[in-house]
Asker: 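My structure is below; once you've seen it, I'll send some questions.
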Amino acid sequence: MKVLVIASHIDDEVLGCGGTIKKHTKAGDQVYVVFISSKDSKRFDEAIMNTRKAHAKKAADVLGIQEIFFADHPLIMLDTIPQLDIVTSLERIIYEIKPEVLYCHYDADMNSDHRIVSQAAMVWCRPSKTPFLKKVLFYEIFASTQKFNPNYYVDISHEIEDKLEALSVYSTENNAQTRTLDTSRLVAGYRGAEVNTAYAEAFYLYREIG
């Protein structure tokens with residue numbers, strides 16, 4: 001099975017569904033990740049972005065990801081470019097991979113990049129556009145996603161350490177209180193408690209075709 005994770009920023013894939021990614025790859029699924037906002041901008045220079053891209057490749061190795069893509073739109077500046085540019089970036093990758101399962105940001109989010117990427121992804125979630133796509137789930141980013149009422153959980157009790165190992169690679173990112181290893185463990189523990197498991201990741205299931 002082919003799985004595509006759409007992430008606005010480098011590290012969102014691990015924060016939102018790192019344990020679930022590892023669960024997919026352990027089962028033999030091919031997982032691909034595309035980072036939309038991965039280019040230097042007014043606030044982040046090229047050296048920083050190159051470091052983050054190197055970290056993304058290491059995290060991908062930890063999780064067993066098949067391939068990662070960088071759309072290279074400017075970081076924290078997606079609201080300055082036409083949405084069609086983002087939609088077109090996704091079109092090429094989605095039609096190249098033809099995923100059966102897609103993960104992306106939930107659209108209610110304080111971060112404008114997250115909202116914009118979610119809305120752009122929705123264009124390609126229409127059955128008429130992507131008949132090969134059978135399941136669409138939206139993930140949360142702790143302390144950023146809002147009004148999130150999950151209706152789908154993945155038990156990551158056996159993958160939590162892989163998630164945290166992948167997150168630890170992002171040394172330029174995981175020092176923020178909302179993205180520390182301890183915080184991520186607590187969030188996974190809280191979601192796990194909701195469904196009587198040690199650790200879980202929570203999603204909003206948008207569509208599933210059986």
Side-chain angles (χ1 to χ4, degrees), residues 3-27 29 31-38 44 48-49 51-65 68 75-76 101-111 113-115 117-118 137-205:
V3 178
L4 177 63
V5 178
I6 299 173
S8 180
H9 309 118
I10 295 170
D11 83 348
D12 284 341
E13 84 289 7
V14 178
L15 291 168
C17 53
T20 301
I21 289 173
K22 186 65 176 184
K23 196 157 191 137
H24 274 295
T25 61
K26 283 168 65 177
D29 297 334
V31 179
Y32 302 83
V33 177
V34 54
F35 299 104
I36 302 300
S37 187
S38 55
F44 300 90
I48 290 175
M49 295 313 299
T51 296
R52 291 184 179 179
K53 286 179 179 179
H55 290 169
K57 293 173 183 176
K58 291 181 180 179
D61 288 341
V62 171
L63 298 179
I65 292 168
I68 59 176
L75 184 60
I76 315 296
V101 179
L102 185 145
Y103 295 90
C104 191
H105 293 274
Y106 189 67
D107 66 350
D109 200 290
M110 289 188 292
N111 187 296
D113 279 1
H114 294 176
R115 294 195 304 271
V117 168
S118 180
L137 300 112
F138 300 127
Y139 57 79
E140 64 177 332
I141 300 296
F142 177 70
S144 186
T145 304
Q146 300 176 305
K147 302 176 182 177
F148 187 70
N149 295 305
N151 59 5
Y152 189 97
Y153 294 79
V154 175
D155 182 355
I156 62 164
S157 300
H158 296 294
E159 293 78 29
I160 184 63
E161 300 305 330
D162 299 291
K163 177 186 175 87
L164 297 179
E165 182 183 351
L167 188 60
S168 73
V169 170
Y170 288 116
S171 57
T172 61
E173 302 297 305
N174 60 28
N175 56 345
Q177 192 274 332
T178 57
R179 297 195 293 272
T180 65
L181 303 187
D182 287 343
T183 298
S184 293
R185 186 185 290 276
L186 286 169
V187 172
Y190 170 72
R191 291 306 189 190
E194 290 185 315
V195 290
N196 196 35
T197 67
Y199 297 101
E201 288 173 338
F203 301 89
Y204 181 79
L205 176 62

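This one's a predicted model, so the numbers in the text were calculated from it and none came from an experiment. Position 1 is the first residue of the sequence, and the numbers go up from there. Side chains are part of it too, since the values below use all heavy atoms of this structure and drop only hydrogens, waters and symmetry mates.
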Asker: Check for a donor-acceptor pair, side chain of S118 on one end and backbone N or O of R115 on the other, with a separation under 3.5 Å.
Answerer: no
Asker: Regarding D182 and T180, do their side chains bring together a donor and an acceptor under 3.5 Å, going by distance alone?
Answerer: no
Asker: Less than 4.5 Å apart, side chain to side chain, heavy atoms only: is that true for F35 and K53?
Answerer: no
Asker: So which atom in L75 and which in D113 form the shortest heavy-atom distance, rounded to 0.1 Å?
Answerer: C-OD2, 4.1 Å
Asker: Would you call K147 and E140 a salt bridge, using N to O less than 4.0 angstrom?
Answerer: no
Asker: Could you name each residue pair satisfying ring pair (Phe, Tyr, Trp, His ring centres under 6.0 Å) that touches residues 150-201, not counting sequence neighbours?
Answerer: none
Asker: Please round to the nearest 0.5 Å and tell me the distance separating atom CD of E165 and atom CD1 of I160.
Answerer: 12.0 Å
Asker: Just checking F148: does its CZ atom have more than 12 heavy atoms from other residues, nucleotides or ligands closer to it than 6.0 angstrom?
Answerer: yes
Asker: Counting distance only, does the side-chain N/O of E201 pair as donor-acceptor with the main-chain N or O of T20 below 3.5 Å?
Answerer: yes
Asker: Answer yes or no: is there a side-chain heavy-atom contact under 4.5 Å between N149 and Y204?
Answerer: no
Asker: Hey, which of D109, D12, N111 is the one that makes side chain to side chain donor-acceptor pair (under 3.5 Å) with S144?
Answerer: D109
Asker: List the residues meeting salt bridge (Lys or Arg N to Asp or Glu O under 4.0 Å) with K58, not counting sequence neighbours, and say none if there are none.
Answerer: none
Asker: With the side chain counted from C-beta on, respond yes when I48 and R52 share a heavy-atom pair under 4.5 Å apart, and no when they do not.
Answerer: yes
Asker: Looking only at heavy atoms, what is the nearest atom pair of S157 and T197, with distance?
Answerer: OG-CB, 4.0 Å
Asker: Give, for atom CG of L167 and atom CG of D162, the distance between the pair rounded to the nearest 0.5 Å.
Answerer: 12.5 Å
Asker: Could you state the interatomic distance from CD1 (I21) to CD (E159), rounded to the nearest 0.5 Å?
Answerer: 11.5 Å
Asker: If you look at every heavy atom in V3 and Y103, which pair is closest and at what distance?
Answerer: CG1-CE1, 3.6 Å
Asker: Quick one: CZ on F203 to CZ on R191, what's the gap to the nearest 0.5 Å?
Answerer: 10.5 Å
Asker: Can you give me the closest heavy-atom contact between K163 and C17, atom names plus distance?
Answerer: NZ-N, 4.4 Å
Asker: I'd like to know whether H105 forms a ring pair (Phe, Tyr, Trp, His ring centres under 6.0 Å) with F138, so could you lay out the CA-CA distance, the side-chain angles of the two residues, the decisive distance to 0.1 Å, and finally the verdict.
Answerer: CA-CA 5 Å; H105 293 274; F138 300 127; 9.7 Å; no
Asker: Drop me the distance from K23's NZ to L63's CG, to the nearest 0.5 angstrom.
Answerer: 14.0 Å
Asker: How close do I76 and S37 get, counting heavy atoms only, and between which atoms?
Answerer: N-OG, 3.4 Å
Asker: Do the non-hydrogen side-chain atoms of T172 and T51 ever get within less than 4.5 Å of each other?
Answerer: yes
Asker: If you draw a 6.0 Å radius around CG in N196, do more than 12 non-hydrogen atoms from other residues or ligands fall strictly inside?
Answerer: no
Asker: Locate the shortest heavy-atom distance separating P150 from A202; write the atom from each residue and the value.
Answerer: CB-CB, 3.6 Å
Asker: Under the side chain to side chain contact (heavy atoms under 4.5 Å, CB included) rule, collect the residues that match up with R179, sequence neighbours excluded.
Answerer: D11, L15, E173, A176
